[in-house]
Amino acid sequence: MLRIYNTLNRQKEEFHPINPDKITIYVCGMTVYDYCHMGHARVLVVFDVIVRHLRRRFPNVKYVRNITDIDDKIINRALKNKESINDLTKRFIDAMHEDERALGVLKPDAEPKATDAIDQILYMIESLMEKGIAYQGKNGDVYYSVHDFAGYGKLSGKNLDELEAGSRVDIETDKKNPLDFVLWKIAKANEPSWQSPWGEGRPGWHIECSAMSTQHLGNHFDIHGGGMDLTFPHHENEIAQSEGANGHAFVNTWMHVGFVNINEEKMSKSLNNFFTVREMLKDYSGEVLRYFIVSSHYRSPLNFSKTNLNHAKTSLTRLYTAIRGLSASKAAMDEVSQRFDYEVRFNTALDDDFNTPIALSILFELAKMVNSQRQQDFDLANALAQLLKKLGGYIGILQVEADMFLKQGTALSATDIDEKIKQRNDAKDDKNFILSDQIRDELYEFGILLEDSVDGTTWRRK
RNA sequence: GGCUGGGUAGCAAAGCGGUUAUGCAGGGGCCUGCAAAGCCUUACAGACCGGUUCGACUCCGGUCCCAGCCUCCA
């Protein structure tokens with residue numbers, strides 16, 4: 001039984017799909033005006049893990065993750081860079097796709113762009129106008145009237161009185177209420193714009209997600225997710241727009257991913273304390289970044305540091321070391337999967353609100369079993385190693401050859417290393433341990449670690 | 001000020017009203033020419049103060065501290 005923490009009710013709930021034959025999930029993706037940072041990476045990886053699990057649990061899952069490609073920040077950045085908006089957004093969409101691949105993130109079933117959804121956006125705004133929930137201000141902008149939607153605040157646990165009491169003085173007199181938000185913005189000179197019944201303009205932030213999710217998944221769907229900072233106002237406003245326009249329950253389960261922190265502080269653009277994915281990929285493989293992300297629960301804060309990234313690398317090395325040189329038939333693997341409870345426990349962990357730390361701990365138990373059986377029962381060790389690799393695949397790790405992971409990124413070529421190993425083994429045969437240790441130390445300086453065994457000497461990067 | 005979360009061993013990170021989380025690091029041992037890897041073994045927790053209970057890290061109340069949202073943010 002799958003249980004998911006629902007922000008709407010602030011508790012874990014049994015997941016009851018609207019239609020078990022077709023699970024529907026929408027995640028708010030990037031606004032594409034810059035490279036993905038680790039916070040974006042976390043959302044991408046977390047929902048990748050979630051969707052992988054849903055796909056094993058249900059026959060058909062439709063996963064939609066949008067791209068917001070029109071927005072003030074995009075316009076400003078394009079102006080600053082002296083490039084067209086199209087060039088800018090295309091560049092960062094491509095970069096995002098590269099980062100995703102490095103992180104082992106599978107493609108969503110649909111990846112709609114806001115600029116391709118203008119018709120749906122206009123249609124939705126018209127519905128809101130007809131129902132009297134939206135109005136056009138004196139400046140021409142179209143606003144959503146929060147007082148005309150009864151459920152406003154139900155997701156973020158806010159109520160309008162408190163919000164107004166705490167809100168900063170807003171001098172914008174075009175709005176009836178300071179909390180009203182823009183649905184359609186009248187274009188200024190040289191801004192991209194589309195025709196609309198209210199004048200040339202562009203969509204406000206929030207409406208594109210209501211329009212795209214409805215377009216791809218219908219008025220009512222199962223799961224909607226994003227970073228925790230989207231709870232308010234973005235998701236609150238989406239509910240107001242969609243339920244206001246459609247007169248229908250919008251989303252059953254709202255999921256929010258915790259922040260990536262640096263020194264106990266949220267990583268964010270405004271604090272300028274962010275690290276981009278591609279920056280980190282210079283020093284760490286995408287799989288290490290991915291492991292780092294799944295090593296904590298998705299709702300907990302994730303403290304970003306080199307130390308913690310190194311921990312992730314060490315942990316992953318242990319798992320790869322366990323499966324190194326082992327393989328078994330599917331039949332043998334299926335047999336051990338039945339005989340032991342690792343797979344059941346692994347799935348149970350993921351069923352409990354996608355508890356990846358517990359799932360990982362089971363992988364380590366399995367690794368220990370593999371290692372201890374290597375001498376005792378080699379066939380069993382092989383089969384268990386295969387199972388370990390399969391379970392890793394459920395969360396998108398352990399899928400490259402162990403040697404590739406263990407040897408990647410060394411300064412010396414494999415042939416040079418092999419030559420050194422041969423020299424060392426000759427020295428060892430002559431009992432010249434001073435020389436053999438010297439060669440080993442020399443390689444260690446290059447980040448190469450030697451391991452002697454009965455089958456000979458192997459190496460891996462430190 | 002209002003509303004959310006959270007404070008777990010040296011570090012990271014979970015579950016759980018009573019039984020080993022897990023990984024790294026540490027101690028002891030096996031293995032090794034010595035290492036590395038691996039195995040066995042061991043120590044180290046639950047911010048503070050009360051309460052409930054036969055028994056609380058786990059439930060309840062209070063105190064302190066931290067983070068986040070209330071403005072663009074994943």
Side-chain angles (χ1 to χ4, degrees), chain A residues 7 10 27-31 34 36-44 46-47 71-73 76 153 156-159 161-168 170 178-179 205 225-234 236 256-261 263-271 274 291-292 294-297 299-303 305 307-319 321-322 324 349 352 355-365 367-376 406 428 431-434 436-437 440-441 444 449-454 457-460 462:
Chain A
T7 307
R10 305 208 178 267
V27 171
C28 287
M30 287 267 295
T31 299
D34 208 341
C36 291
H37 65 229
M38 289 302 296
H40 299 115
R42 188 177 192 191
V43 172
L44 291 170
V46 162
F47 281 103
D71 148 275
D72 284 354
K73 287 191 292 293
N76 292 336
S156 52
K158 300 182 188 306
N159 68 59
D161 296 340
E162 281 165 5
L163 281 169
E164 281 166 40
S167 75
R168 287 145 209 214
D170 195 327
L179 294 168
W205 185 46
M228 228 162 234
D229 43 5
L230 296 184
T231 312
F232 189 91
H234 186 59
E236 194 68 62
H256 291 98
V257 179
F259 298 131
V260 175
N261 289 162
N263 300 326
E264 309 296 315
E265 230 180 12
K266 177 186 171 186
M267 178 185 289
S268 75
K269 292 284 175 73
S270 36
L271 290 169
F274 62 92
Y291 182 96
F292 167 65
V294 297
S295 68
S296 80
H297 184 79
R299 283 187 285 113
S300 301
L302 178 61
N303 223 346
S305 70
T307 308
N308 291 346
L309 244 28
N310 289 336
H311 280 167
K313 187 174 174 181
T314 307
S315 300
L316 206 43
T317 299
R318 176 168 161 82
L319 294 177
T321 305
R324 172 167 60 172
D352 184 14
N355 196 324
T356 50
I358 293 284
L360 288 178
S361 77
I362 293 162
L363 258 32
F364 284 102
E365 284 181 37
K368 176 164 278 193
M369 183 77 164
V370 170
N371 288 330
S372 62
Q373 289 304 313
R374 263 183 129 102
Q375 305 303 324
Q376 320 282 318
L406 294 170
K428 274 175 67 178
K431 303 269 188 244
N432 186 350
F433 296 121
I434 295 182
S436 69
D437 288 355
R440 184 170 61 194
D441 292 346
Y444 191 83
L449 208 144
L450 299 188
E451 295 175 320
D452 296 330
S453 78
V454 284
T457 302
T458 55
W459 65 273
R460 63 184 173 89
K462 180 59 196 147

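Every chain is numbered from 1 and lettered A, B, ... according to where its sequence line falls, protein lines coming before strand lines.
With rounding to the nearest 0.5 Å, the separation of CG in A:Leu363 from CD1 in A:Ile358 is 12.5 Å. Within the model, atoms CZ of A:Arg324 and CD of A:Glu451 stand 4.5 Å from one another, a figure rounded to the nearest 0.5 Å. Atom-to-atom distance recorded for A:Met30:CE and A:His37:NE2 is 8.0 Å, nearest 0.5 angstrom.
Considering only side-chain N and O atoms, A:His311 lies nowhere under 4.0 angstrom from the phosphate OP1 or OP2 of B:A12. OP1 or OP2 of B:U4 has not a single side-chain nitrogen or oxygen of A:Lys158 nearer than 4.0 Å.
Position along RNA chain B of the nearest nucleotide to A:Gly227 versus A:Tyr291 favours A:Tyr291 as the more 5'-ward residue. Between A:Ser270 and A:Thr307, the residue anchored nearer the 5' end of RNA chain B, judged by the nucleotide with its closest heavy atom, is A:Thr307.
Between the NE2 atom of A:His234 and the P atom of B:C70 there is a distance of 14 Å, rounded to whole Å. Regarding A:Leu360, its CG atom lies at a distance of 14 Å from the P atom of B:U22, rounded to whole Å. Rounded to an integer number of Å, the gap from A:Leu271 CG to B:A74 P is 13 Å. Here the C1' atom of nucleotide B:C3 and the CG atom of A:Leu163 are 9 Å apart, to the nearest Å. B:A74 atom P lies 8 Å from atom NZ of A:Lys266, rounded to whole Å. Rounded to whole Å, the distance from NE2 on A:His256 to C1' on B:C3 is 15 Å. What separates CG of A:Asn261 from C1' of B:A12 is a distance of 14 Å, to the nearest Å. In this structure, A:Leu302 atom CG and B:A12 atom P are separated by 12 Å, rounded to whole Å.
Using modelled atom types, no side-chain atom of A:Asn308 and backbone atom of A:Phe292 make a donor-acceptor pair closer than 3.5 Å.
Here B:A21 is the nucleotide among B:A21, B:G23, B:A67 with the atom lying nearest to any side-chain atom of A:Ile358. In the set B:C66, B:A74, B:G15, the nucleotide with an atom closest to the side chain of A:Asn355 is B:G15. Taking the side chain of A:Phe232 as heavy atoms from C-beta on, and the options B:C24, B:A74, B:C70, the nearest nucleotide is B:C70. Between B:A67, B:G23, B:A74, one nucleotide has an atom nearer to the side chain of A:Glu264 than all others, and that is B:A67.
Comparing B:A47 with B:C57, their P atoms are spaced 10 Å from each other, to the whole Å. Comparing the same atom, P, in B:C44 and in B:G38 gives a spacing of 24 Å after rounding to whole Å. Rounded to a whole angstrom, the distance from the P atom of B:G1 to that of B:C72 is 23 Å. B:A21 sits 11 Å from B:A43 when the P atoms are compared, rounded to a whole Å. On the C1' atoms, B:G7 is 23 Å away from B:U52, given to the nearest whole Å. Going from the C1' atom of B:G15 to that of B:G23 covers 16 Å, rounded to whole Å.
Under the side-chain hydrogen bond (donor to acceptor under 3.5 Å, both in side chains) criterion, A:Thr356 pairs with no residue at all, not counting sequence neighbours.
Figure legend: A:Lys269 and A:Phe274 shown as a cation-pi pair, the cationic atom lying under 6.0 angstrom from the six-membered ring centre and within 45 degrees of its axis.
Note on A:Arg10: only backbone sugar-phosphate atoms sit closer than 4.0 angstrom, heavy atoms only; bases stay farther off. At a threshold of 4.0 angstrom between heavy atoms, the contacts of A:Ser296 are confined to the sugar-phosphate backbone, with no base atom among them. Within 4.0 Å (heavy atoms only), A:Met267 reaches at least one base atom of the nucleic acid. Residue A:Glu265 is classed as a sugar-phosphate contact, given heavy-atom separations below 4.0 Å to backbone atoms only. At a threshold of 4.0 angstrom between heavy atoms, the contacts of A:Ser295 are confined to the sugar-phosphate backbone, with no base atom among them. Using a 4.0 Å heavy-atom cutoff across all strands shown, A:Asp229 reaches at least one base atom of the nucleic acid. Looking at heavy-atom distances under 4.0 Å, A:Thr231 makes no contact with the nucleic acid at all. As judged by a 4.0 angstrom heavy-atom cut-off over every strand, A:Val260 is placed among the base-contacting residues.
Annotation for A:Phe433: atom CZ counts as buried by contact number, over 12 foreign heavy atoms lying within 6.0 Å. Atom CG of A:Asn263 has 12 or fewer heavy atoms from other residues, nucleotides or ligands within 6.0 Å.
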Can you build the contact string for nucleotides 31-42 of chain B? Use B for base contact, S for sugar-phosphate-only contact, and - for no protein heavy atom under 4.0 Å.
--BBBBSSSS--

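Nucleotide B:C44 is matched to nothing when pairs are restricted to Watson-Crick or G-U wobble geometry with both distances under 3.5 angstrom. Nucleotide B:C69: paired with B:G2 (Watson-Crick or G-U wobble, both distances less than 3.5 Å). Of all nucleotides present, none satisfies the Watson-Crick or G-U wobble test against B:A35 with each distance under 3.5 Å. Using Watson-Crick or G-U wobble geometry with both donor-acceptor distances under 3.5 Å, B:C54 finds its partner in B:G18. Searching all strands for a Watson-Crick or G-U wobble partner of B:C64 with both distances below 3.5 Å returns B:G7.
When every heavy atom of A:Ser268 is checked against every heavy atom of A:Leu271, the shortest pair comes out as OG-N, 3.2 Å.
A:Arg42 is listed as a side-chain neighbour of A:Ser296, based on a closest heavy-atom distance under 4.5 Å.
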